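Sharing a structure, written as structure tokens. Questions coming.
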Amino acid sequence: MRGLALLAGSSLMVIGTSAAAQTLPPPASPSASTETAPATAAADPATDATGGDIIVTAQRRAQSLRDVPIAITVVNGQSIRETGANQLADITQRAPSLNFTATPGVPNFAIRGVGTNSFDYGIESAVGIAVDDVNITLPRYVPLNSLADVERVEVLRGPQGLLFGKNTTAGLISITTNRPQLGEFSSNGRVQAGSRDQVQSQAVVNLPIGDKAALRVVGGYQYQKPSTELVGPGRLDPVRRYFGTGKLLWEPTDRLSLYAIVDYQNNSGIEAYSTIRNFGGNDPTPIPLALRPFAPANFVRAQNTALGVVASPTNNKTAIGSTNVLRDERSFGAQLSASYDAGPLTVTSVTAYRDLHARANNDVDQTPVAFFDTNIANSQSYQLSQELRVSNNGTSAVDYTAGLYYFRQHIDAQILQAGTFGILPASVPVRLSPVQGQSNFDYGTNSYAAFAQLTFNLTSSLKLIAGGRYTRDEIDSTTTVTQAPGVCNLIVFALSGGRSCIGALPAPINRDRNADGFSARGGVEYALAPTANLYATYTRGYKGPAVSSAAGVAFDVDPEKVDAYEVGGKFDLLDRRVSLNLAGFINNFRDFQAQVFDPALNGGLGSFRTGNASTLKTRGVEAEASVRPARGITLSGGVTYLDTEYGNYNVACYFGQTAAQGCNLPGPSFNARGTPLVGASKWTTSLAADFQQPIGDDLKVFVNADWRYRSRFLYAINDPNTIQPGYSLVNATVGIGDIGDHARVSVFVRNLFDKRYAAAIFPGNFSAGQYVQTLPDNAFRRIGGAFEWRF
């Protein structure tokens, strides 16, 4: 099977997938079903009063959104950039079923409440991210540090592993950037400045190379200060992001298309850092007070209070030690897509490579004391994928998409956790480690898959859908602990009164995991009218096994599976001036991969690891609507109701939990059965308004605004101390430009009402009852202005 690696896979978006939200073009060639017309400067469905079809590629071919039996939210790149958005996570403002948790170092998307928030390097997310046909699975990494050249983002809800490369069990964020345009010289860009010293610049140049090729170059820079106020020593560096992309499209014949992309991203600095939400009481550290004279009882409260820190849900002051907080990453990617129109079918190949080098250090103790101020996490990883796919052209009695897929990922990671633990003064160069030194993880994954989806066009109105995917995952993992210079074993040092430093290193742990998985999809689609469709589908989703490595110990994590049921309808009404999409769903997860805190790790200090919840059930309804009452005016919105609950799942008790409240199992732990999913709001709603109106013959004014509301939710299982109350965010923009959009000037405000909310809430390590939070950059108002050009 390894010999098939170079052939493996077939990628969804055919080379001609560049068009986004625009009117569906008439068939111009036998391959018209898999290609869309080039995007134009004004390709925004939100401003099309005629209600032209929105084109998506959710089934690996260009189709009208209305004709795809999947719940999808489409976010137009231009419309989201106008609001001052500067990163992929900002699309949540217009996608009610999508949420983002900005946990420092572990960013996480969730769809319909389900994501994978794990510190483990080898755990893949339940929500996939695909950029220009390629799934990105590198650990702790969100691609696209800018929305500079993004044409559209499709948020596909429910399992999407059948057609989209690596398996996903909750959904997929599919990003399409603008392709080079043949025969066209053009340029566009945006310069933006805002409060907290934000500067953002980006430029795009499209260059024709003869009649059959074109080059598109994108570059940009971002800078902003951290939103968190630092008190005491240490340093939080401002955010600096550089990025550059080159795209080359060559169509030597009418049948063959070659598309190459290379990109580089460099991110550094801290947007926001953790602060203390509330102080605890008794000191829970297992190190006896007599053995740590440099960290007295309740040192967390004492040190922070002395620096003027007042713990609260709006506290934005943090104290760190002399070791600076660090977060840097560099990523390089390259891909080549080839598409050949063979008449009755199109053959597509996508070959892609991406690597990531990341460095991070976090202060764990939340004080300027060097108690536990070293938490270094470095990683070097790469992924290689090859997809080969065939799909029929046009429409026939049976439409099909089938292919092979190969994926290889390798991760080398090093973690060093150390501090004085109050036993030594900070001036002493020696540091103590719960695991004696540096933990090293060598993690490799090979994945092979074959897949096919068939659509049977029984009549002009009735379609049946059937598909399946076989996946073979092979994992090899090695965990070792090596001695680090100047680092002693915490337990040995403390128990010997400082007379001994080094204990026996744990033996290397080798784990190999192999698993076979099957994904499937079946459904029916019925057209009530040319502009009204109903559908019902069943999907079996699968996410592969993993090895969870924490504190020098390895744990097996079983594959995650889901049975997903969905019914929905998509309607264009009143001469397509009103669009309405409805969906209802039930998702039953088995062996849901979830993060838990294991108090037995790290010599009794505890550590996070990933395990399996026996079951998880999510169900809900979604509605999205768009109204275009007149040219230049669009109103859109959506609402999601979500109900979730865990099955049998034993987790560590939360602070203050009593036996009567369920804390009566060994550990101590409790059974989370019947409790809601972490991070899942029952209600999420969004509204957006876009307005453009000419002023005379040469100018026009444009205004847009969006509002999003999330009801309350928990950041830890059933822990009332981690409740995030419901909150709303409002963004608005007003600007003026020429009729042809050659130049535009605007002012914007993000988080108009300066609403504070937490991106994460979790227990502190060294004070019982202490809770820590992260107030993200978007939890603070930003006012700014922008200039855009296009010629």
Side-chain angles (χ1 to χ4, degrees), residues 99 101 103 106 108-120 122-127 158-159 161 167-171 473 513 515 517 539-550 553-565 585-601 606-620 642-654 657 661-682 713-719 722 760-763:
N99 290 311
T101 301
T103 306
V106 193
N108 172 51
F109 281 101
I111 292 178
R112 292 174 172 172
V114 178
T116 304
N117 189 4
S118 174
F119 290 97
D120 277 296
I123 307 295
E124 295 183 4
S125 176
V127 176
N167 297 297
T168 62
T169 50
D473 290 312
R513 299 292 309 277
T539 306
R540 165 167 285 189
Y542 165 86
K543 183 158 73 84
V547 176
S548 175
S549 300
V553 183
F555 303 87
D556 288 341
V557 181
D558 292 330
E560 178 177 294
K561 305 178 185 67
V562 60
D563 292 309
Y565 307 87
F585 60 89
I586 297 175
N587 295 336
N588 296 323
F589 289 84
R590 301 186 304 281
D591 293 320
F592 178 67
Q593 296 173 356
Q595 184 164 282
V596 297
F597 183 80
D598 191 333
L601 298 176
S607 181
F608 288 97
R609 67 176 180 87
T610 305
N612 292 100
S614 61
T615 60
L616 170 69
K617 186 172 185 176
T618 67
R619 55 211 164 215
L642 181 65
D643 183 44
T644 66
E645 64 176 40
Y646 290 105
N648 289 318
Y649 182 32
N650 292 347
V651 296
C653 295
Y654 56 83
Q657 187 178 13
Q661 293 171 319
C663 184
N664 49 26
L665 301 177
S669 62
F670 74 100
N671 191 329
R673 180 180 179 87
T675 61
L677 175 64
V678 168
S681 296
K682 274 193 176 296
F713 58 92
L714 294 161
Y715 273 118
I717 297 177
N718 215 37
D719 185 348
T722 67
I761 304 173
F762 50 93

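What you are looking at is a predicted structure, and each value in this text was computed from that prediction instead of being measured. Every heavy atom of this structure was used, including side-chain atoms; hydrogens, water molecules and symmetry mates were not.
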Heavy-atom nearest pair, Pro559 first then Asn612, reads O-ND2, 4.5 Å

Quick one: list whatever passes salt bridge (Lys or Arg N to Asp or Glu O under 4.0 Å) with Arg513, sequence neighbours left out. Asp556, Asp558

Taking every non-hydrogen atom, the tightest pair across Gly544 and Asp473: CA-OD2, 3.5 Å

From Thr722 OG1 over to Leu714 CG, what is the distance, rounded to the nearest 0.5 angstrom?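 Taking OG1 in Thr722 and CG in Leu714, the distance rounds to 5.0 Å.
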
Donor-acceptor contact present, side-chain Ser614 to main-chain Asn648, <3.5 Å: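 Answer holds: yes.
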
Run the salt bridge (Lys or Arg N to Asp or Glu O under 4.0 Å) test against Arg673 and tell me which residues pass, sequence neighbours left out.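 With neighbours one apart ignored, the set is empty.
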
Among Lys561, Glu560, Gln593, which residue meets the side chain to side chain donor-acceptor pair (under 3.5 Å) test with Thr169?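 Considering Lys561, Glu560, Gln593, a side chain to side chain donor-acceptor pair (under 3.5 Å) with Thr169 is found only for Glu560.
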
Could you state the interatomic distance from OG1 (Thr644) to CZ (Arg112), rounded to the nearest 0.5 Å?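 Here the rounded value is 13.5 Å.
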
Tell me, with the steps shown, if Arg590 and Asp563 meet side chain to side chain contact (heavy atoms under 4.5 Å, CB included). CA-CA 9 Å; Arg590 301 186 304 281; Asp563 292 309; 2.7 Å; yes

For Tyr542, ring-ring contact (aromatic ring centres under 6.0 Å, His included) partners two or more places apart: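 Listed in chain order: nothing, the list is empty.
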
Nearest 0.5 Å, please: how far is OG1 in Thr615 from OH in Tyr649? 11.5 Å

In the structure I gave you, are the side-chain heavy atoms of Leu642 and Ser681 within less than 4.5 Å of one another anywhere? no

Report yes or no: does Thr675 contribute a side-chain atom to a donor-acceptor pair with the main-chain N or O of Asn718 at less than 3.5 Å?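 Looks like no, no N/O pair under 3.5 Å.
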
Is there a side-chain contact between Asn588 and Val562 (heavy atoms, below 4.5 Å)? no

Under the side chain to side chain donor-acceptor pair (under 3.5 Å) test, residues paired with Thr168 that sit two or more places apart: none

Do the non-hydrogen side-chain atoms of Leu677 and Val114 ever get within less than 4.5 Å of each other? yes

Which residues share a salt bridge (Lys or Arg N to Asp or Glu O under 4.0 Å) with Lys682, sequence neighbours left out: Asp643

The reported gap from CG in Asn664 to CZ in Phe670 (rounded to nearest 0.5 angstrom) is 10.5 Å

Pairwise distance CD(Gln661) to SG(Cys653) - rounded to 0.5 angstrom: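 Taking CD in Gln661 and SG in Cys653, the distance rounds to 9.5 Å.
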
Rounded to the nearest 0.5 Å, how far does CG of Asn108 lie from OG1 of Thr101? 5.0 Å

With the side chain counted from C-beta on, respond yes when Tyr646 and Val678 share a heavy-atom pair under 4.5 Å apart, and no when they do not.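 When only atoms from C-beta onward are counted, Val678 and Tyr646 do touch, with a gap below 4.5 Å.
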
Pro159 to Thr539 - nearest heavy-atom pair and separation: CB-CG2, 3.8 Å

Do the non-hydrogen side-chain atoms of Arg619 and Glu645 ever get within less than 4.5 Å of each other?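 The answer is yes, as the side chains (C-beta and beyond) meet within the 4.5 Å cut-off.
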
Side chains of Leu616 and Thr618 in contact at under 4.5 Å (non-hydrogen atoms):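 Leu616 reaches Thr618 side chain to side chain.
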
Just by distance, with hydrogens left out, do Asp120 and Thr610 show a side-chain donor and acceptor under 3.5 Å apart? yes

Is any side-chain heavy atom of Lys617 less than 4.5 Å from a side-chain heavy atom of Phe589?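 Not touching, per the 4.5 Å side-chain cut-off.
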
Would you confirm whether Thr116, through its side chain, and Ala126, through its main-chain N or O, come within 3.5 Å as a donor-acceptor pair? yes

Can you sort out the partners of Phe585 under ring-ring contact (aromatic ring centres under 6.0 Å, His included), two or more places apart, ordered by chain and number?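 Result, ring-ring contact (aromatic ring centres under 6.0 Å, His included) vs Phe585: none returned.
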
Smallest heavy-atom separation, Val557 atom then Gly611 atom, equals CG1-O, 4.3 Å

Of all the heavy-atom pairs spanning Ala546 and Ile123, show the shortest one and how long it is. CB-CD1, 3.3 Å

